[in-house]
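In listed order, ligands and their atoms are each counted from 1.
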Amino acid sequence: MRIDLHTHSTRSDGTDTPAELVRKAKLEGLDVVALTDHDATEGWAEAQEAADEVGLRLIRGIEISTQYEGLSVHLLGYEFDPTNEPLVEELHRVLGGRNDRLPRLLEKLAALGMPLTEQEVLAVAGDAAAWGRPHVADAMIAKGYIKDRDEAFRDWLVPGKPAYVGRYSADLFEAVRLLRAAGGKPVIAHAWARDSGAKITPELLAELAEAGLAGIEVDHPDHDAQARAGLAAIADDLGLAKTGSSDYHGTGKGPEFHLGANLTDPAELERLLG
Ligand code: AMP
Ligand code: ZN
Ligand code: FE
Ligand code: FE
């Protein structure tokens, strides 16, 4: 059984619609795929319809933008009630933070000689419920300012670079509790990705487990062998599920993020969802 628990569609910053993504997952030989768009559940219905059509199991998920003591942390959540009010309110605050950031980000780009209008960014964002820096990057590419998304994330749109603007994100522990209260299973995403360093400590993971964390994303394209081994040991120690996934974004990210790039063991999915 082939299970991929972390993918993005055009409802956030992926390049396949939810239905295209599900059909590709089927063609890639996946049996189970989770749709985990950033801060939004808008893709679920379309993905479910396609999953029913092609005979694939869809896990309904999300990747919430959170922060812990100033550190940006991505939190996956699975199979929660998407109408749960406290959770929906917090997701609206996060999406609002994305909107608030845009004018300030565009001011900085204009000052740097790379003017863009909000319309130009929103046009490349299409039907995204959660637009993000990858869309700003796409608009910069369309204008000929840069060559690809990597260049935007290397030179302009990240902390320490001249066009970086922060935005509101949920408190990490609060997001764990909100997902749990909505019946969901929180899983910490790419905790030890190469560029985020190992700032998510074993101690913090233990505290999160106390607060309701259900799993740790162990196998992810941004994790080297050492990170995978370390996180697997911590998950075993804390009795948490170990997940594996691609973090597929269509053509929005490199080929190492292809569907099924990493898989979740069926026993771990069972441990996660019960
Ligand atoms: P934002 O949602 O605005 O915070 O932007 C963060 C998103 O950008 C994350 O979902 C990443 O998957 C994506 N991202 C980060 N680095 C890159 C990159 N080099 N190329 C494409 N996407 C990236
Ligand atoms: Zn993304
Ligand atoms: Fe992420
Ligand atoms: Fe992701």
Answer key: the N, O or S atom of His74 nearest to the Fe ion (ligand 3) is ND1

Atom nearest to the Fe ion (ligand 3) - Glu63, N, O or S atoms considered: OE2

Would you indicate whether the side-chain heavy atoms of Tyr145 and Pro115 approach each other to under 4.5 Å? yes

Using the six-membered ring wherever Trp is involved, compare the ring planes of His249 and His38 and label them parallel, tilted or perpendicular (cut-offs 30° and 60°). tilted

Listing request: all salt bridge (charged side-chain N to carboxylate O under 4.0 Å, His left out) pairs with a residue in residues 69-95, at least two apart in sequence or in separate chains. Arg60-Glu79, Glu90-Arg93

Under 2.8 Å from the Fe ion (ligand 4), is there an N/O/S atom belonging to His190? no

Just wondering, is there an N, O or S atom on His249 that's nearer than 2.8 Å to the Zn ion (ligand 2)? yes

Who are the salt bridge (charged side-chain N to carboxylate O under 4.0 Å, His left out) partners of Asp155, not counting sequence neighbours? none

Over all atoms of both residues, closest heavy-atom pair of Pro186 and Val176: CG-O, 3.8 Å

Can you name the N, O or S atom of Asp13 that is closest to the Zn ion (ligand 2)? OD2

Does atom CD (Glu49) have a neighbourhood of more than 12 heavy atoms from anything else shown, all under 6.0 Å? no

Of all N/O/S atoms in His6, the name of the one nearest the Fe ion (ligand 4): NE2

Heteroatom of His8 nearest to the Fe ion (ligand 4) (N, O or S, atom name): NE2

Could you confirm whether Asp247 has any N/O/S atom lying under 2.8 Å from the Fe ion (ligand 3)? no

